[in-house]
Amino acid sequence: MKAAVVNEFKKQLEVKDVERPVLQLGEVLVHIKACGVCHTDLHAAHGDWPVKPKLPLIPGHEGVGVIVEVGQGVSHLQIGDRVGVPWLYSACGHCEYCLTGQETLCESQQNSGYSVDGGYAEYCKADAAYVVKVPDNLSFEEAAPIFCAGVTTYKALKVTNAKPGEWVAIYGVGGLGHVAVQYAKAMGLHVIAVDLGEEKLKLAKELGADLFVNPALEDPAAFIKEKVGGVHGTVVTAVSKPAFQSAFHSVRRGGTCVLVGLPPEEMPIPIFDTVLGGIKVVGSIVGTRKDLQEALQFAAEGKVKTIIETQPLDKINEVFDRMVKGEIKGRVVLTLDN
Ligand SMILES: NC(=O)c1ccc[n+]([C@@H]2O[C@H](COP(=O)([O-])OP(=O)(O)OC[C@H]3O[C@@H](n4cnc5c(N)ncnc54)[C@H](O)[C@@H]3O)[C@@H](O)[C@H]2O)c1
Ligand SMILES: CCCCCCO
Ligand SMILES: [Zn+2]
Ligand SMILES: [Zn+2]
């Protein structure tokens with residue numbers, strides 16, 4: 001089968017023919033029709049993070065397609081079902097996290113396109129318990145980004161605990177941020193969009209953001225404090241340390257700063273300001289299978305629409321180059337010409 005493979009960090013991916021996966025007990029084989037390109041895939045290909053991915057690696061954790069083979073022990077899925085294979089490839093199902101609705105914190109989890117091969121390929125095998133069905137009225141291309149960008153930002157907005165009518169700031173209006181703006185509006189929140197790209201801020205406005213600020217032109221925290229007295233929550237998806245520092249200073253007393261973006265850097269937290277202001281700083285990672293079902297339902301009901309650019313798998317290296325430069329509007333979705 002055709003796949004894009006990371007052989008060495010920071011080198012071009014190789015698009016080549018590789019062995020089609022063989023199913024084990026409890027697995028299904030998905031014929032991939034589309035796979036979103038998440039900035040995490042670029043981090044993986046560069047070996048950016050302390051925990052390194054397997055090598056060689058087929059990236060991709062927004063892969064969606066059709067089940068073409070069902071392994072032993074699988075009874076709830078059948079050939080022809082439309083499913084996606086998210087970041088949470090599998091979890092143990094019995095630890096304290098898995099038993100309390102926090103499966104994304106499972107310490108035995110496997111991750112698609114990171115610790116196991118993912119969706120930048122014609123076929124992808126998956127743990128049948130962790131695939132999620134694609135709503136019938138969503139195309140593969142429009143559904144794919146929900147499997148990471150959508151579920152992650154939907155969950156992060158829940159983590160802010162901001163209530164309808166309150167204010168949130170979305171730092172970074174890229175693959176994650178452009179759907180974050182829409183989920184926030186659909187959840188009844190007022191939105192301030194923050195991005196370095198004027199085109200991104202224009203998109204944020206088209207998607208319903210109420211206010212916009214470009215850190216290259218003015219201090220976002222000062223702008224946010226002056227306009228609304230600080231936001232009740234921030235969701236930081238920007239791949240940039242300054243964005244995290246600014247986001248911290250954007251929240252009002254009692255507010256929550258939700259860290260989502262993963263620049264390989266530290267974020268100093270001012271102890272006095274945090275204590276005096278009762279500020280909550282919290283990390284949020286993807287979402288559970290239930291969160292993903294909910295995030296997909298928003299899209300199925302037309303409340304969130306992924307802005308996508310389709311590209312063939314062979315163009316992945318060019319896509320990554322553009323991502324590094326912040327030149328992608330919305331989400332690139334790779335299509336497998338199959
Ligand atoms: N926590 C999670 O579960 C999770 C899930 C998915 C992605 N991520 C991480 O989130 C990050 C973003 O992913 P993506 O696919 O949206 O990336 P992306 O490249 O599509 O978007 C990043 C955006 O950040 C903007 N940006 C850069 N510097 C900025 C700054 N100083 N202020 C404001 N905006 C700035 C860029 O212009 C771009 O629009 C990555 O680090 C990725 O690994 C985390
Ligand atoms: C810690 C890595 C989280 C990445 C989620 C999928 O983009
Ligand atoms: Zn992702
Ligand atoms: Zn577990």
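Atoms within each ligand, like the ligands themselves, are counted from 1 in listed order.
For the pair Cys148 and ligand 1, a heavy-atom separation below 4.0 Å is found. The shortest separation from a heavy atom of Ser284 to ligand 1 is under 4.0 Å, placing the residue in contact. Within the 4.0 Å heavy-atom shell around ligand 1 one does not find Gly326. Not close to ligand 1: Phe244, with no non-hydrogen atom less than 4.0 angstrom away. Not a single heavy atom of Lys155 sits closer than 4.0 Å to an atom of ligand 1.
Glu294 and Lys290 are joined by a salt bridge, as a carboxylate oxygen and a charged side-chain nitrogen come within less than 4.0 angstrom of each other. Taking 4.0 Å as the cut-off between side-chain N and carboxylate O, Arg331 and Glu309 do not count as a salt-bridged pair.
Considering backbone and side-chain atoms alike, Gly177 places every N or O at 3.5 Å or more from each N or O of ligand 1. Annotation: Gly330 places no N or O atom under 3.5 Å from an N or O atom of ligand 1; distance criterion only.
Of the possible donor and acceptor atoms, none in the side chain of Ser90 sits under 3.5 Å from a partner among the backbone N and O of Gln109.
With hydrogens left out, the protein atom closest to atom 13 (O) of ligand 1 is His39 CB, 3.4 Å, a heavy atom. With hydrogens left out, the protein atom closest to atom 6 (C) of ligand 2 is His61 NE2, 3.4 Å, a heavy atom. If you check which protein heavy atom lies closest to atom 7 (O) of ligand 2, you get Thr40 OG1, 2.6 Å. In this structure, atom 21 (O) of ligand 1 lies nearest to the protein heavy atom Gly174 CA, 3.5 Å. Gly261 CA, 3.4 Å is the protein heavy atom nearest to atom 10 (O) of ligand 1.
Under the 3.5 Å distance criterion, with hydrogens and angles disregarded, a donor-acceptor pair is assigned to the side chains of Glu301 and Gln297. Between the side chains of Ser112 and Tyr130, no donor-acceptor pair is found at a separation under 3.5 Å.
Taking every non-hydrogen atom of Leu262 and a distance limit under 4.0 Å, the qualifying atoms of ligand 2 come out as 1 (C), 2 (C), 3 (C). Ligand-side atoms of ligand 1 in range of Ala238: 24 (O), 26 (N), 29 (C), 33 (C), 34 (N), 35 (C), range being under 4.0 angstrom from any heavy atom. Atoms of ligand 2 lying under 4.0 Å from at least one heavy atom of Trp49, given by number and element, are 2 (C). Atoms of ligand 2 lying under 4.0 Å from at least one heavy atom of Cys38, given by number and element, are 7 (O). Applying the 4.0 Å criterion to heavy atoms of Cys148 picks out, from ligand 2, the atoms 6 (C), 7 (O). Ligand-side atoms of ligand 1 in range of Leu176: 6 (C), 7 (C), 13 (O), 14 (P), 15 (O), 16 (O), range being under 4.0 angstrom from any heavy atom. Those atoms of ligand 1 that come under 4.0 Å of a heavy atom in Val194, given as number and element, are 33 (C), 34 (N). Applying the 4.0 Å criterion to heavy atoms of Pro215 picks out, from ligand 1, the atoms 32 (N).
Proximity of Thr152 to ligand 2, defined as any heavy-atom pair under 4.0 Å, is not found for any part of the residue. Only side-chain heavy atoms of Ile285 come within less than 4.0 Å of ligand 2; its backbone N, CA, C and O stay farther off. With a heavy-atom cut-off of 4.0 Å, Thr237 touches ligand 1 through its backbone alone. Within the 4.0 Å heavy-atom criterion, the part of Val173 lying near ligand 1 is the backbone and not the side chain.
Relative orientation of the Trp49 and His43 rings is tilted, given thresholds of 30° and 60° on the angle between their planes. Aromatic ring orientation, His61 versus Trp87: perpendicular (interplanar angle above 60°, classes split at 30° and 60°).
Among the backbone and side-chain atoms of Cys92, an N/O/S atom is found under 2.8 Å from the Zn ion (ligand 4).
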